[in-house]
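Side chains are part of it too, since the values below use all heavy atoms of this structure and drop only hydrogens, waters and symmetry mates. Remember, it's a predicted structure, so these values are computed and weren't measured experimentally.
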2 protein chains.
Amino acid sequence: MHDLTTPIELRRPALIHYGSGTLEKLADWVAASGYKAPFVVADPVNAARLPALGLGEVGCFGTVVPEPDSDNLAAAVAAAEGADLVIGFGGGSAMDLAKLVAVLVGQPLGLADISGPNRAPARKVGLVQIPTTAGTGSEVGTRALVTDPASNSKIATESPHMLADLAIIDPDLTMTVPPHVTAATGVDAMAHCAEAFTSKRAHPLIDGYALQGIELVGRYLRRAVEDGADTEARAGLSLAAFYGGICLGPVNTTAGHALSYPLGTRYKLPHGIANALIFPHVLAANAAARPEKTALIARALGFEAGSEADIRDGATAFCAALGLDMRLRAHGVAEDDLRAMAEEAHAIRRLLDWNPRDLSVDEIEEIYRRAY
Amino acid sequence: MHDLTTPIELRRPALIHYGSGTLEKLADWVAASGYKAPFVVADPVNAARLPALGLGEVGCFGTVVPEPDSDNLAAAVAAAEGADLVIGFGGGSAMDLAKLVAVLVGQPLGLADISGPNRAPARKVGLVQIPTTAGTGSEVGTRALVTDPASNSKIATESPHMLADLAIIDPDLTMTVPPHVTAATGVDAMAHCAEAFTSKRAHPLIDGYALQGIELVGRYLRRAVEDGADTEARAGLSLAAFYGGICLGPVNTTAGHALSYPLGTRYKLPHGIANALIFPHVLAANAAARPEKTALIARALGFEAGSEADIRDGATAFCAALGLDMRLRAHGVAEDDLRAMAEEAHAIRRLLDWNPRDLSVDEIEEIYRRAY
């Protein structure tokens with residue numbers, strides 16, 4: 001068990017501007033830091049609002065796709081040639097690509113040369129992250145995921161060089177996120193916190209962020225889904241996502257994320273939706289191994305932890321109240337695929353090895369069937 | 001009132017190694033970062049254990065004094081000539097001097113050119129902070145205080161360039177701190193948290209650190225004073241000091257620190273002792289302006305907040321149980337000085353302007369008299 005004396009490495013951008021309207025800090029920072037050629041990595045929605053950055057004319061790769069693959073990355077790196085500052089502007093996909101672009105631009109390297117832990121070279125350019133959803137927490141992290149089109153698996157790259165110099169967490173940017181995306185990304189943020197909180201690698205220094213993040217989602221997610229203009233709720237969710245990102249660094253996720261990845265790679269389900277569908281089942285499956293922490297999670301989300309079935313029902317009800325259809329079948333998943341998905345998920349040892357209980361392929365398939 | 005939407009600037013070293021034994025991370029980091037000429041800024045006690053840093057032969061300014069003045073700083077800067085990395089190794093005095101040395105070395109500038117906010121130039125050298133007490137939290141901050149021998153006042157210098165690249169918070173380094181210093185520094189850490197928690201500038205993002213820091217001190221300070229070898233208690237206090245340092249950045253202290261400074265500049269009272277002597281009186285004086293937060297502080301320290309007198313007695317008893325003589329008279333303070341001290345404290349507007357209630361010179365003098 002990790003206690004207060006257990007060594008832990010805490011990485012986070014040295015500078016974070018958090019709060020309503022802080023996007024206006026960007027232009028001054030860019031000027032004061034002496035950057036001449038900022039380059040934005042964005043999805044099409046955010047590429048359409050580049051003027052909000054206040055940088056005038058800037059280069060932009062504006063076609064980041066959901067669950068981006070290595071081809072999408074290669075195109076972004078090529079477009080960024082000549083930049084001295086990379087700015088990720090969007091959700092997790094844009095920010096993850098921005099991290100990789102920042103370490104690859106101007107270097108004779110490709111994804112295969114840097115994937116895995118600690119292989120990326122020192123950046124030759126600056127890196128700023130500006131989330132426009134409240135979900136992944138990618139803005140404060142060192143990790144990026146892209147899909148390998150050949151194997152359908154997620155390739156994780158992690159390096160201290162992929163940590164941003166500056167993160168601007170401005171909840172105003174999330175005000176236009178539609179309710180179903182708000183719901184999905186909010187559950188994703190909460191899942192980061194809940195999985196880290198119950199992980200075998202859980203650490204008291206991270207538990208504080210994790211529980212605060214879960215409480216913020218419990219307090220504010222439904223409010224933001226019901227009224228997207230609720231500024232306090234939006235801010236609370238941006239903070240929860242940031243705290244979830246802190247949880248990802250030294251602790252990371254466990255079975256919930258491992259089981260949701262096949263839904264993203266096979267069916268292009270948005271990452272947050274995939275997480276929501278799996279979350280109640282993993283929370284319930286892990287409850288016996290982490291009874292006190294499961295009780296705290298349940299309370300923060302507004303229900304009481306009882307039997308495994310109670311926990312599953314309570315967490316499902318929490319997600320369903322956000323307007324999410326919680327059945328895999330409703331999202332185009334083929335029942336015939338469940339076994340193969342279970343095998344795929346079971347192979348993600350970098351996450352499953354830290355789950356508080358061991359899950360066999362059969363047990364994972366059983367979870368998928370129950371969620372079906 | 002600041003709420004979750006209020007903009008806040010969060011600065012912290014991008015990398016922190018926290019936990020027992022993490023000092024061993026230093027040598028690898030120095031090598032990987034390519035530094036060739038590390039230079040240590042330390043007080044005599046820590047200068048005597050340089051080999052613990054694992055860096056072999058290193059340059060060292062080993063005569064940092066308590067409450068260092070501008071002459072002590074000038075000598076350190078001169079000694080650091082030629083360094084490419086400055087390492088603060090000690091308590092707040094050593095770390096504060098290291099910050100100033102790091103921005104001044106190799107530059108044609110003196111303290112007068114950089115004091116105040118945001119005047120220091122970009123560093124030409126790296127900066128690492130390694131606290132050996134659990135108190136100031138200086139390791140994670142951007143601020144340094146030195147005494148002006150002419151005016152007897154504290155000169156504050158603050159700059160993002162004074163933020164360390166790396167902080168190593170290894171509670172093992174605090175195991176040999178004697179009980180009375182453990183007590184004083186622990187109260188200092190708690191005071192940072194409590195003053196930020198009740199400040200007019202208090203922010204929900206910082207309140208979480210503040211309350212956790214106070215709770216850690218409430219749980220662990222007496223244990224560490226009674227048994228210096230209690231590793232869990234030492235770790236809890238190192239964490240409390242770190243969280244106190246987080247509180248200092250965007251929020252900072254209020255009347256407690258303002259009233260304790262004259263005790264340091266005039267009588268060379270250790271900063272922590274000075275804070276402890278003042279803390280119960282300011283907590284009580286501010287209680288009516290911050291009743292809920294005062295109640296949380298009291299509970300975290302093991303007593304219930306009632307009347308102003310109850311709060312003063314409860315906080316005094318908490319400190320006295322640590323072996324601190326809580327009377328100013330016992331520390332060589334002259335009764336005739338109290339009026340001049342009150343005038344001096346009242347002039348520290350950078351802190352007093354954020355105190356939750358306005359305090360006149362007469363009211364400050366009354367606090368000193370009560371503490372006498």
Considering only heavy atoms, give the residues of residues 117-131 of chain B separated from chain A by less than 4.5 Å, sorted numerically, with 'none' for an empty result.
-> none

Enter the distance from B:L166:CG to A:R11:CZ here, rounded to the nearest 0.5 Å.
-> 9.0 Å

Kindly give the heavy-atom pair with the smallest separation between B:P7 and A:S20, and that separation in Å.
-> CG-O, 3.3 Å

For A:L216, is it the side chain, the backbone, both or neither that has a heavy atom under 4.5 Å from a heavy atom of chain B?
-> side chain

Of the listed residues (B:T22, B:L163, B:D170, B:I16), which shares the most heavy-atom pairs with chain A below a 4.5 Å separation?
-> B:I16

Would you mind checking which part of B:L239 comes under 4.5 Å of any heavy atom in chain A, side chain (CB onward), backbone (N, CA, C, O), both or neither?
-> side chain

For B:L4 and A:G236 the tightest heavy-atom approach is CD1-CA, 3.8 Å

Contact origin within A:E9 toward chain B - heavy atom pairs under 4.5 Å | both

Honestly, the part of B:L15 sitting under 4.5 Å from a heavy atom of chain A is both

How far apart are the closest heavy atoms of A:L205 and B:F242, and which atoms are they?
-> CD2-CE2, 4.3 Å

What residue, out of B:P171, B:S238, B:G208, B:A14, has the most heavy-atom pairs lying under 4.5 Å from chain A?
-> B:A14

Rounded distance [0.5 Å steps], CD1 in A:I8 versus NE2 in B:H17 | 11.5 Å

B:K25 atom NZ, neighbour heavy-atom count above 12 within 6.0 Å | no

Any residues in residues 220-231 of chain A near chain B, with a heavy-atom distance under 4.5 Å, and which are they?
-> A:Y220, A:T231

B:T5 side, atom OG1; A:D172 side, atom CG - distance, nearest 0.5 Å = 8.0 Å

